[in-house]
Amino acid sequence: MAHVTAAERRPQLIKAAIDLMSREGVAAGSTRAIAAELGVSQATVHYTFGTKEDLYRAVMDQITDELTARVGRAAPEGGGFAETVAALAGELWRTVLEPATNHQLLTELTMFALRTPRLAEARQEHYRRVIEVTAQLVAEAAARAGHELVQPAATVARFFLAGFDGLTMQRLCLPDDASERVGLQALVSATVALAGGRLELADVPTD
């Protein structure tokens, strides 16, 4: 049997993990089960990734890369800032609705990471990267449209993600197409208004 390097085995194991957990849930994604999915030994998984947590992090990164690439391609040529944000948000929402994009699996992995102390660092690094990628998309959309951002791109990104994550959770728990559409439209409108300094910010007591 031809020798397979760790670099070659890595994407195979990531795909096997995604396939397995998409079918059977995150809880089923043990290194033993993932190894069996690909038809290799459990030792191969540990040799390639070190720990299950490292493999889970790689799976989260892979899905994020695929979603980011898809959403980035949705930016309209010559579109204004609001039009571009709406197009990006609409494409991202389609990834929530289509099981093949693995958006639901990414959400489940993030929730699993919240309950797993060993994944705390991976969770933080992953979400930091999500914010950075979203901020980059916002900044690029503003630059293409000649739109001045009054708020930092990272602030706009975090605001948008807070709303989008909420809509995603509602979709997973209690779907309502009409409410979700209005919620997404309101989120895009508020995001554009915040970015342009047109959203009046209320004083909120938090102490």
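Only a predicted model underlies this, so the values are computations on that prediction, with no experimental measurement involved. These numbers come from the heavy atoms of this one structure, side chains and all, not from hydrogens, waters or symmetry mates.
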Please give me the minimum heavy-atom distance between [X] and [Y], naming the atom from each residue.
X: Leu13; Y: Val40; result: CD2-CG2, 4.2 Å
X: Thr51; Y: His46; result: CA-ND1, 4.4 Å
X: Arg10; Y: Ala58; result: NH2-CB, 3.7 Å
X: Thr48; Y: Ala6; result: CG2-O, 3.7 Å
X: Gly79; Y: Ala145; result: O-CB, 3.9 Å
X: Ala74; Y: Ala87; result: O-CB, 3.7 Å

Practice item. Would you check, one step at a time, whether the test side chain to side chain contact (heavy atoms under 4.5 Å, CB included) holds for Val138 with Val85? Key: CA-CA 7 Å; Val138 169; Val85 172; 5.7 Å; no
Exercise for review: Say whether, by atom type as modelled, one donor and one acceptor occur between the side chain of Arg9 and the main chain of Val4 under 3.5 angstrom.
Suggested key: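 Side chain of Arg9 to backbone of Val4: no pair is present.
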Check your understanding: Backbone N or O of Gln151 within a donor-acceptor pair of the Thr155 side chain at under 3.5 Å?
Key ->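 No, Thr155 side chain to Gln151 backbone: no donor-acceptor pair under 3.5 Å.
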Rounded to the nearest 0.5 Å, what separates atom [atom1] in [X] from atom [atom2] in [Y]?
X: Thr134; Y: Leu161; atom1: OG1; atom2: CG; result: 4.0 Å
X: Ile63; Y: Ile18; atom1: CD1; atom2: CD1; result: 4.5 Å
X: Gln62; Y: Leu67; atom1: CD; atom2: CG; result: 10.0 Å
X: Gln170; Y: Asp165; atom1: CD; atom2: CG; result: 11.5 Å
X: Leu92; Y: Thr68; atom1: CG; atom2: OG1; result: 8.5 Å
X: Thr64; Y: Leu109; atom1: OG1; atom2: CG; result: 9.5 Å

Exercise for review: Apply side-chain contact (heavy atoms from CB on, under 4.5 Å) to Ala142 and list each qualifying residue two or more places apart in sequence or on a separate chain.
Suggested key: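 Checked Ala142 against side-chain contact (heavy atoms from CB on, under 4.5 Å); matches are Phe81, His147, Leu149.
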Check your understanding: Quick one: side-chain contact (heavy atoms from CB on, under 4.5 Å) partners of Leu167, sequence neighbours excluded?
Key ->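 For Leu167 the side-chain contact (heavy atoms from CB on, under 4.5 Å) partners, ignoring immediate neighbours, are Trp93, Leu184, Leu187.
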Practice item. Run the salt-bridge test on Arg23 and Asp19 with the 4.0 Å N-O cut-off and return the result as yes or no. Key: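 No.
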**Study point:** Worked check of side chain to side chain contact (heavy atoms under 4.5 Å, CB included) between Met111 and Met169
**Key:** CA-CA 11 Å; Met111 298 303 296; Met169 188 59 63; 4.2 Å; yes
Within one Ile-Leu-Val-Met-Phe-Trp-Tyr cluster: [X] and [Y], side-chain cutoff 4.5 Å:
X: Ile131; Y: Val188; answer: no
X: Val59; Y: Tyr127; answer: no
X: Leu20; Y: Leu38; answer: yes
X: Val133; Y: Leu105; answer: no
X: Val192; Y: Val150; answer: no

Those residues that, when tested against [X], pass side-chain hydrogen bond (donor to acceptor under 3.5 Å, both in side chains) (two or more places apart):
X: Gln124; answer: none
X: Arg32; answer: Gln42
X: Glu121; answer: none

Check your understanding: Of Glu66, Arg70, His103, which is the lone residue that meets side-chain hydrogen bond (donor to acceptor under 3.5 Å, both in side chains) with Thr95?
Key ->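 The residue from Glu66, Arg70, His103 that satisfies side-chain hydrogen bond (donor to acceptor under 3.5 Å, both in side chains) with Thr95 turns out to be His103.
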Review point. Has Arg158 got more than 12 heavy atoms of other residues, nucleotides or ligands less than 6.0 Å from its CZ?
Key: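 Open: at most 12 neighbouring heavy atoms sit under 6.0 Å from CZ of Arg158.
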**Study point:** Greater than 12 external heavy atoms within 6.0 Å of Arg118's CZ
**Key:**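 Open: at most 12 neighbouring heavy atoms sit under 6.0 Å from CZ of Arg118.
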Check your understanding: Does a side chain donor of either Thr101 or Glu98 reach within less than 3.5 Å of an acceptor in the other side chain?
Key ->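 No, because no side-chain N or O of Thr101 sits under 3.5 Å from a partner of the opposite role on Glu98.
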Point to revise | Any side-chain donor near an acceptor of the partner, Glu132 and Gln136, under 3.5 Å | key: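 No, Gln136 and Glu132 have no side-chain donor paired with an acceptor closer than 3.5 Å.
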Exercise for review: Report the C-alpha separation of Phe49 and Ile14 in whole Å, then their side-chain angles, then the decisive distance to 0.1 Å, and conclude whether the side chain to side chain contact (heavy atoms under 4.5 Å, CB included) test is met.
Suggested key: CA-CA 10 Å; Phe49 286 98; Ile14 292 173; 3.7 Å; yes
Review point. Is the centre of the Phe112 ring less than 6.0 Å from the centre of the Tyr56 ring?
Key: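 Yes, the ring of Phe112 comes within the 6.0 Å limit of the ring of Tyr56, centre to centre.
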Practice item. Applying salt bridge (charged side-chain N to carboxylate O under 4.0 Å, His left out), run through Arg171 and Asp177 and close with a yes or a no. Key: CA-CA 8 Å; Arg171 177 70 189 184; Asp177 290 341; 2.5 Å; yes
Exercise for review: State which residue, out of Glu140, Glu77, Arg144, fulfils the side chain to side chain contact (heavy atoms under 4.5 Å, CB included) condition with Thr84.
Suggested key: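 Result: among Glu140, Glu77, Arg144, Arg144 is the only option passing the side chain to side chain contact (heavy atoms under 4.5 Å, CB included) with Thr84.
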Review point. What side-chain hydrogen bond (donor to acceptor under 3.5 Å, both in side chains) pairs are there with at least one residue in residues 106-115, not counting sequence neighbours?
Key: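 Counting only pairs at least two positions apart or across chains, the side-chain hydrogen bond (donor to acceptor under 3.5 Å, both in side chains) contacts touching residues 106-115 are Gln104-Glu108.
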Practice item. Please test Leu201 against Leu194 for side chain to side chain contact (heavy atoms under 4.5 Å, CB included), starting from the C-alpha separation and ending with a verdict. Key: CA-CA 9 Å; Leu201 300 179; Leu194 176 66; 4.2 Å; yes
Check your understanding: Given the rule in the salt bridge (charged side-chain N to carboxylate O under 4.0 Å, His left out) test, do Glu91 and Arg94 qualify, once you have shown the distances and angles that lead to the verdict?
Key -> CA-CA 5 Å; Glu91 189 64 24; Arg94 278 188 282 275; 2.8 Å; yes
Practice item. Taking the side chain as every heavy atom from C-beta outward, state whether His126 and Arg123 have any pair of such atoms under 4.5 Å apart. Key: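 When only atoms from C-beta onward are counted, Arg123 and His126 do not touch, as no gap falls below 4.5 Å.
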